[in-house]
Novice: 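Just passing along the structure, written as structure tokens.
All values derive from a computational prediction rather than experimental measurement. Below, all heavy atoms of this structure are taken into account, side chains as well, without hydrogens, waters or symmetry copies.
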Amino acid sequence: MTPDTKAGTPTIPQEAQKRIAQRSLTIGEAPDEGQEEARLLLRFAAPRDPALITKWISYQVFNTERQDWRRGIEAAFRYREREGGLDVPYDHTEGAHPLGRWLSDQRRAFRAGTMTGERAAELEELGIVWDTADAGFAENLAAARAYHQLHGTLAAPRHATALDKAVGQWLTNVRRPGGLGKDPVRATERAAALAAIDEDWNPSALGWAADWQRHYAYLTQLLNDGANLAAIVPGVTRHGEDIGRWLATQRRSWARLNPEQQARLGELGVKKAPRARKATPKTTAASGTRTGGEAFQKGLQALAQYVAREGAMPGRGAVEELADGPHRVGIWVGNQKARRDRLDQAQLGALAELGVDWAR
């Protein structure tokens, strides 16, 4: 056996390999302008240290949550230095960082007991408020702000949503007595935050319902967009609401509006509907007093009152209270339909104005 063989197997001469130095890599994100370079240096030109490679992999792959924490803390620090506190709106972004939502997530983690004491202390040093009621209000306030940007009013219907929040129901709740909390100072601050978005956020304090305020806001928007008041007739809508029909109802029901409502509509050019001329009574027995005169006017009054309040036609069982007692307005409408061939044009016109389709 020759020196070049071992156990009968010849060795193959190996060409001397050249050692090529590879570019060194740094671990982590580049520092912002003016900050110190604090990244680790992974030198592939040097012998590879398994522990350093493990640390690099951990930092790059498994440590993203720690990086997110540091970004959030740095954004919170910048905000506090600029604003003097950490009262951050839920939808606020600090640069590209969603600071408001990030702080909300930290409050949830603190509330659930999954946050370390070290992190809690770091946030408390920056001045975070852990109060979950305030955090919840801030989140809903951001949703209210988003709804207002789209609709121009906070008179949202109960089913309305924004930013995945049930903002319509929330606004209904905060309008109720005590809805802004028992603490009078906090309630005043919250009311001011809502008024900063929409000064008419609580129309019940003005004497009317949110439904009326929403229609009024949409009418104002239509006129501001260039619509002619005379052209806003039943069937003209905004955000799915029939503003033309609502407007016709306000004109007919002018006397039931309070002075402030009348003043607001008057500023838009809306006036009380002229009183309809009484139809000439028919002398035929077929028409008589059933379709004209006081009985018809009382039924029309009951229907107008019902439509103004409910915004819809009454069902057959509907009863409306007038000064002289209850009126079975649902049955009355059905009776008029049955004898519509005996109604005159003035009566049909009055019914059509109230939204009775078959009278048009």
Novice: Got Q301 and K298 here, is their nearest side-chain heavy-atom distance under 4.5 Å?
Specialist: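 Yes; the side chains approach each other to less than 4.5 Å.
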Novice: Could you note down all residue pairs passing salt bridge (Lys or Arg N to Asp or Glu O under 4.0 Å) where residues 159-173 supplies at least one of them, sequence neighbours left out?
Specialist: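 For residues 159-173, and leaving out neighbouring residues, the salt bridge (Lys or Arg N to Asp or Glu O under 4.0 Å) pairs sorted by first residue read E139-K165.
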Novice: Tell me, which pairs form a salt bridge (Lys or Arg N to Asp or Glu O under 4.0 Å) where one or both residues lie in residues 170-182, sequence neighbours left out?
Specialist: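 Listed by first then second residue: nothing to list.
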Novice: Is there side-chain contact between F77 and E81, with at least one heavy-atom pair below 4.5 Å?
Specialist: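 Counting from C-beta outward, F77 and E81 do come under 4.5 Å.
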Novice: Under the rule for salt bridge (charged side-chain N to carboxylate O under 4.0 Å, His left out), what residues qualify as partners of R119, not counting sequence neighbours?
Specialist: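 Once residues adjacent in sequence are excluded, the partners of R119 under the salt bridge (charged side-chain N to carboxylate O under 4.0 Å, His left out) criterion are E65.
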Novice: Do I128 and R107 have side chains that approach each other closer than 4.5 Å (heavy atoms only, starting at C-beta)?
Specialist: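 Answer yes - side chains close enough.
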Novice: Parallel, tilted or perpendicular: which fits the ring planes of H239 and H151, with parallel below 30° and perpendicular above 60°?
Specialist: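 Answer is tilted, since the angle falls between 30° and 60°.
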Novice: Less than 4.5 Å apart, any side-chain heavy atom of E94 and any of R82?
Specialist: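 A side-chain contact exists here, since the closest heavy-atom pair is under 4.5 Å.
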Novice: In terms of hydrophobic clustering (I, L, V, M, F, W, Y; side-chain heavy atoms under 4.5 Å; direct or indirect links), are Y90 and L126 co-clustered?
Specialist: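 Y90 and L126: separate clusters.
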Novice: Could you give the distance from CD1 (I197) to CG (L141), rounded to the nearest 0.5 Å?
Specialist: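 So the gap between those two atoms works out to 4.0 Å.
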Novice: Side-chain contact test, heavy atoms from C-beta onward, threshold under 4.5 Å: evaluate it for L247 versus V236 and give yes or no.
Specialist: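 No. Closest side-chain heavy atoms not under 4.5 Å.
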Novice: Closer than 3.5 angstrom, by distance alone: can the side chain of T249 be matched with the main-chain N or O of R245 as a donor-acceptor pair?
Specialist: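 Answer holds: yes.
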Novice: Give me the atom names and distance for the closest heavy-atom approach of A146 to L163.
Specialist: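 Minimum heavy-atom separation between A146 and L163: CB-CG, 4.0 Å.
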Novice: Which heavy atom in L86 sits nearest to a heavy atom in A76, and how many Å separate them?
Specialist: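 So the minimum-distance heavy-atom pair works out to CD1-O, 3.5 Å.
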Novice: Could you go step by step and tell me if R190 and V174 meet the side chain to side chain contact (heavy atoms under 4.5 Å, CB included) rule?
Specialist: CA-CA 10 Å; R190 290 177 172 180; V174 297; over 6 Å; no
Novice: Report the relative orientation of the aromatic rings in Y216 and W212; use parallel for angles under 30°, tilted for 30 to 60°, perpendicular for over 60°.
Specialist: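 Ring orientation of Y216 relative to W212: parallel.
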Novice: Any non-hydrogen side-chain atom of L268 less than 4.5 Å from a side-chain atom of L229?
Specialist: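 Answer no - side chains too far apart.
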Novice: Near R80 CZ, under 6.0 Å, is it more than 12 heavy atoms from other residues, nucleotides or ligands?
Specialist: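 Check passes, neighbour count above 12.
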Novice: Do you know the tightest heavy-atom contact between L300 and L351?
Specialist: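 Closest heavy-atom pair between L300 and L351: CD1-CD2, 3.9 Å.
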Novice: More than 12 heavy atoms of other residues, nucleotides or ligands under 6.0 Å from CZ of R251: yes or no?
Specialist: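 More than 12 within 6.0 Å, yes.
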Novice: Report the C-alpha distance between F110 and Q106 in whole Å, list the side-chain angles of each, state the deciding distance to 0.1 Å, and finish with yes or no for side chain to side chain contact (heavy atoms under 4.5 Å, CB included).
Specialist: CA-CA 6 Å; F110 180 83; Q106 306 317 307; over 6 Å; no
Novice: Do W254 and L322 sit in the same hydrophobic cluster, where Ile, Leu, Val, Met, Phe, Trp and Tyr count as joined when their side-chain heavy atoms come under 4.5 Å apart?
Specialist: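 Result: no, two separate clusters.
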Novice: Roughly how far apart are D105 CG and M115 CE, rounded to 0.5 Å?
Specialist: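 Those atoms lie 9.5 Å apart.
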Novice: Quick one: salt bridge (Lys or Arg N to Asp or Glu O under 4.0 Å) pairs with a partner in residues 144-156, sequence neighbours left out?
Specialist: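 Salt bridge (Lys or Arg N to Asp or Glu O under 4.0 Å) check on residues 144-156 returns D91-R145.
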Novice: Using the six-membered ring wherever Trp is involved, compare the ring planes of W102 and H97 and label them parallel, tilted or perpendicular (cut-offs 30° and 60°).
Specialist: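 If you compare the ring of W102 with that of H97, the planes turn out perpendicular.
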Novice: To the closest 0.5 Å, what do you measure between CD1 (I73) and CG (D68)?
Specialist: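 So the CD1 of I73 and the CG of D68 are separated by 10.5 Å.
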Novice: Would L303 and V356 count as a side chain to side chain contact (heavy atoms under 4.5 Å, CB included) if you check the C-alpha gap in whole Å, the side-chain angles of each, and the deciding distance to 0.1 Å?
Specialist: CA-CA 10 Å; L303 178 60; V356 179; 3.9 Å; yes
Novice: Treat each ILVMFWY residue as a node, draw an edge where side-chain heavy atoms are under 4.5 Å apart, and state whether I331 and V319 are in one component.
Specialist: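 Hydrophobic grouping puts I331 apart from V319.
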Novice: Quick one: salt bridge (charged side-chain N to carboxylate O under 4.0 Å, His left out) partners of D211, sequence neighbours excluded?
Specialist: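 D211 satisfies salt bridge (charged side-chain N to carboxylate O under 4.0 Å, His left out) with R214 once adjacent residues are dropped.
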Novice: Could you report the tightest heavy-atom contact between P203 and A210, atom names first, then the distance?
Specialist: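 Taking P203 first and A210 second, the nearest heavy atoms are CG-CA, 3.6 Å.
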Novice: What residues form a salt bridge (charged side-chain N to carboxylate O under 4.0 Å, His left out) with D225, not counting sequence neighbours?
Specialist: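 If we apply the salt bridge (charged side-chain N to carboxylate O under 4.0 Å, His left out) test to D225, skipping adjacent residues, the hits are R238.
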Novice: Determine whether Q67 and R71 make a side-chain contact, defined as any pair of heavy atoms from C-beta on separated by less than 4.5 Å.
Specialist: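 Yes, at least one pair of side-chain atoms sits under 4.5 Å.
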Novice: Do W358 and Q336 pair up side chain to side chain, a donor and an acceptor below 3.5 Å, judged on atom types alone?
Specialist: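 No, because no side-chain N or O of W358 sits under 3.5 Å from a partner of the opposite role on Q336.
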Novice: Dump the intermediate steps for salt bridge (Lys or Arg N to Asp or Glu O under 4.0 Å) on E122 and R70, then the final yes or no.
Specialist: CA-CA 11 Å; E122 194 169 3; R70 293 316 313 166; 2.9 Å; yes
Novice: Given side chains that start at C-beta, do those of F137 and L180 come closer than 4.5 Å, heavy atoms only?
Specialist: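 Side chain of F137 against side chain of L180, heavy atoms only: contact under 4.5 Å found.
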Novice: Let me confirm one number: the CG-CG distance from D200 to L206, rounded to the nearest 0.5 Å.
Specialist: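 One gets 5.5 Å once the value is rounded to the nearest 0.5 Å.
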Novice: Is a side-chain N or O of D242 found less than 3.5 angstrom from the main chain of T237, in a donor-acceptor match?
Specialist: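 No, because the side chain of D242 does not come within donor-acceptor range (under 3.5 Å) of the backbone of T237.
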Novice: Got more than 12 heavy atoms from elsewhere within 6.0 Å of CD, E260?
Specialist: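 Count over threshold, so yes.
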Novice: What are the two closest non-hydrogen atoms of A227 and I232, and how far apart are they?
Specialist: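 That would be CB-CD1, 4.3 Å.
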Novice: Rounded to the nearest 0.5 Å, how far apart are CH2 of W69 and CG of L123?
Specialist: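 Between W69 CH2 and L123 CG, I get 4.0 Å after rounding to 0.5 Å.
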Novice: Nearest 0.5 Å, please: how far is NZ in K272 from CZ in R252?
Specialist: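 Between atom CZ of R252 and atom NZ of K272 there are 13.5 Å.
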Novice: May I ask you to decide if R256's main-chain N or O and Q261's side chain share a donor-acceptor pair within less than 3.5 Å?
Specialist: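 Answer holds: no.
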Novice: V167 and A162: which non-hydrogen atoms are nearest, and at how many Å?
Specialist: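 Result for this residue pair: CG1-N, 3.9 Å.
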